[in-house]
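Beneath this line is the structure, given in C-alpha cells, with notes to follow.
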Amino acid sequence: MTDLSHISIFEGLPEAELSALQELCITRTYPKNTVIINEGDQANAMFICTSGKVKVYVSDENGKEFVLNSMGPGEYFGELSLLDDETRSASVITTDKSTFSILYKEDFSKVVLNHPDIALVLLRNLASRIRKLTENVKTLALQDVYGRIRKTLLDLSIEKEGETVIEEKLTQQDIANRIGSSREMVARILKDLATGGYIEIERKQFRILKKLPESY
C-alpha cells in the first residue's frame with residue numbers, strides 16, 4: 001500500500017489524518033492497455049499509482065488524441081472527484097501493468113466530517129497543482145513547436161548512470177500528441193537534433209547527449 005505521506009496532494013497532513021485516509025485505500029492491479037477512466041464517466045474515486053505507468057489523454061469525436069500527461073509510481077489522478085460531482089475530464093489508460101491505491105469519494109467524505117483539516121490541506125495543495133498546469137498551458141500557447149518539444153524532452157528526462165535519458169518509450173506520434181503538433185514536424189526537428197549530436201534515439205528511447213539549444 002502507498003505511503004500517503006509521500007503523495008504531494010496530502011503533504012502537510014498530520015499523522016492521524018494520514019492514517020485515517022490510509023485505512024480507506026484499496027489496492028487494485030490492472031493489465032497493460034486497460035482503460036482505468038473514460039472521459040465523461042461519473043467520477044467517484046481518486047487513484048494513486050504504486051507501480052507501472054499510465055497515460056492521461058483527451059480525444060475528439062474523430063478519435064484524435066491529445067496526451068495531457070504520463071504518470072508513474074507516487075503520482076495520482078482523479079483527485080477532483082473527491083471535491084465535486086462533475087464527470088471525468090480526461091481518460092486514463094495503463095501503458096504497463098499497474099497497481100493503484102484507490103480512495104473512494106464516499107469514504108473520503110465521511111473521514112472529512114471527523115477531520116475537517118484534511119479538506120483545507122487538500123485545497124492548498126490543489127492550488128499548487130493548478131499553478132503548474134497553468135504553466136503547461138502557457139508553454140503550449142506561447143512557445144513554438146521546437147520549444148514544446150524541448151520542454152517535453154527535458155521534463156521527461158532523468159539522470160541515470162551518468163547519462164541523461166528518457167525511460168519512457170516515445171514514438172514521434174506520441175510526442176506530437178503531447179504538444180499538439182504534426183508528426184512530420186516533430187520528425188524533422190528530432191532528426192535535426194540527432195544530426196547535431198544533441199540527442200540519440202534507439203528503439204524509441206532517447207538519450208540527451210548535450211544541452212539542447214534554446215531555439216531552433
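Side-chain atoms are counted along with the backbone in the values below, which use heavy atoms only and exclude waters and symmetry mates.
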Please say yes or no: joined through hydrophobic side-chain contacts below 4.5 Å, possibly via intermediate residues, are [X] and [Y] part of one cluster?
{"X": "Leu80", "Y": "Ile130", "value": "no"}
{"X": "Tyr146", "Y": "Met185", "value": "yes"}
{"X": "Phe77", "Y": "Tyr57", "value": "no"}
{"X": "Ile102", "Y": "Ile93", "value": "no"}
{"X": "Met46", "Y": "Leu123", "value": "yes"}

Would one find more than 12 heavy atoms of other residues, nucleotides or ligands at under 6.0 Å from atom NZ of Lys210?
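Correct, the count exceeds 12.
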Are more than 12 heavy atoms from other residues, nucleotides or ligands located less than 6.0 Å from atom CD of Gln42?
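Yes, because the 6.0 Å sphere around CD of Gln42 holds more than 12 heavy atoms from other groups.
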Locate the shortest heavy-atom distance separating [X] from [Y]; write the atom from each residue and the value.
{"X": "Thr27", "Y": "Ser101", "answer": "OG1-OG, 4.3 Å"}
{"X": "Ser81", "Y": "Ala45", "answer": "OG-O, 3.0 Å"}
{"X": "Asn177", "Y": "Glu65", "answer": "OD1-O, 3.6 Å"}
{"X": "Ala90", "Y": "Leu68", "answer": "CB-CD1, 3.9 Å"}
{"X": "Gly197", "Y": "Leu209", "answer": "O-CB, 3.5 Å"}
{"X": "Cys25", "Y": "Leu4", "answer": "SG-CD1, 4.3 Å"}

Could you give me the CA-CA distance, side-chain angles and deciding distance for Tyr216 and Asp192, then say whether side-chain hydrogen bond (donor to acceptor under 3.5 Å, both in side chains) is met?
CA-CA 9 Å; Tyr216 184 57; Asp192 287 347; 2.2 Å; yes
Distance in Å, [X] [atom1] paired with [Y] [atom2], rounded so as to fall on 0.5 Å steps:
{"X": "Ile7", "Y": "Leu13", "atom1": "CD1", "atom2": "CG", "value": "12.0 Å"}
{"X": "Ile149", "Y": "Ile189", "atom1": "CD1", "atom2": "CD1", "value": "4.0 Å"}
{"X": "Lys169", "Y": "Thr95", "atom1": "NZ", "atom2": "OG1", "value": "11.5 Å"}
{"X": "Leu21", "Y": "Asp107", "atom1": "CG", "atom2": "CG", "value": "10.0 Å"}
{"X": "Ile48", "Y": "Leu103", "atom1": "CD1", "atom2": "CG", "value": "6.5 Å"}
{"X": "Ile208", "Y": "Ser157", "atom1": "CD1", "atom2": "OG", "value": "4.5 Å"}

Measuring centre to centre across the rings, with the benzene-like ring taken for any Trp, is Phe10 within less than 6.0 Å of Tyr76?
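No, the ring of Phe10 stays outside the 6.0 Å limit from the ring of Tyr76, centre to centre.
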For the side chain of Thr34 and the backbone of Thr94, is there at least one donor-acceptor N/O pair under 3.5 Å apart?
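Judged by distance alone, no pair lies under 3.5 Å.
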With no hydrogens and no angle check, is any side-chain donor or acceptor of Thr152 less than 3.5 Å from a backbone partner on Arg148?
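Yes, Thr152 side chain to Arg148 backbone: donor-acceptor pair under 3.5 Å.
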Taking the side chain as everything from C-beta on, heavy atoms only, tell me whether [X] gets closer than 4.5 Å to [Y].
{"X": "Glu39", "Y": "Ser91", "answer": "yes"}
{"X": "Val165", "Y": "Gln205", "answer": "no"}
{"X": "Glu168", "Y": "Leu156", "answer": "yes"}
{"X": "Thr99", "Y": "Arg28", "answer": "no"}
{"X": "Ile179", "Y": "Val145", "answer": "yes"}
{"X": "Leu212", "Y": "Leu153", "answer": "yes"}

Verdict with supporting geometry, Glu79 and Leu126, side-chain contact (heavy atoms from CB on, under 4.5 Å):
CA-CA 9 Å; Glu79 68 279 4; Leu126 279 173; 3.5 Å; yes
List the steps, then state whether salt bridge (Lys or Arg N to Asp or Glu O under 4.0 Å) holds for Glu167 with Lys160.
CA-CA 9 Å; Glu167 291 192 313; Lys160 186 176 181 180; 2.9 Å; yes
Determine whether Asp155 and Lys151 satisfy the following criterion, salt bridge (Lys or Arg N to Asp or Glu O under 4.0 Å), listing intermediate values before the conclusion.
CA-CA 6 Å; Asp155 285 349; Lys151 185 176 188 302; 2.7 Å; yes
For [Y], is there an ion pair with [X] - N to carboxylate O distance below 4.0 angstrom?
{"X": "Glu163", "Y": "Arg207", "value": "yes"}
{"X": "Lys204", "Y": "Asp174", "value": "no"}
{"X": "Arg124", "Y": "Glu11", "value": "no"}

Assess the side chains of [X] and [Y]: does a donor N or O sit below 3.5 Å from an acceptor N or O?
{"X": "Arg183", "Y": "Gln172", "value": "yes"}
{"X": "Ser215", "Y": "Arg150", "value": "no"}
{"X": "Glu159", "Y": "Thr164", "value": "yes"}

Stepwise side-chain hydrogen bond (donor to acceptor under 3.5 Å, both in side chains) test for Arg178 and Ser70
CA-CA 10 Å; Arg178 286 173 185 265; Ser70 59; 3.2 Å; yes
Check the orientation of Phe100 and Tyr30. Use parallel for under 30°, tilted for 30 to 60°, and perpendicular for over 60°.
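Ring orientation of Phe100 relative to Tyr30: tilted.
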Do Lys105 and Phe108 form a cation-pi contact, if we require the NZ or CZ to be under 6.0 Å from the six-membered ring centre and within 45 degrees of the ring's axis?
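Verdict for Phe108: no cation-pi partner in Lys105.
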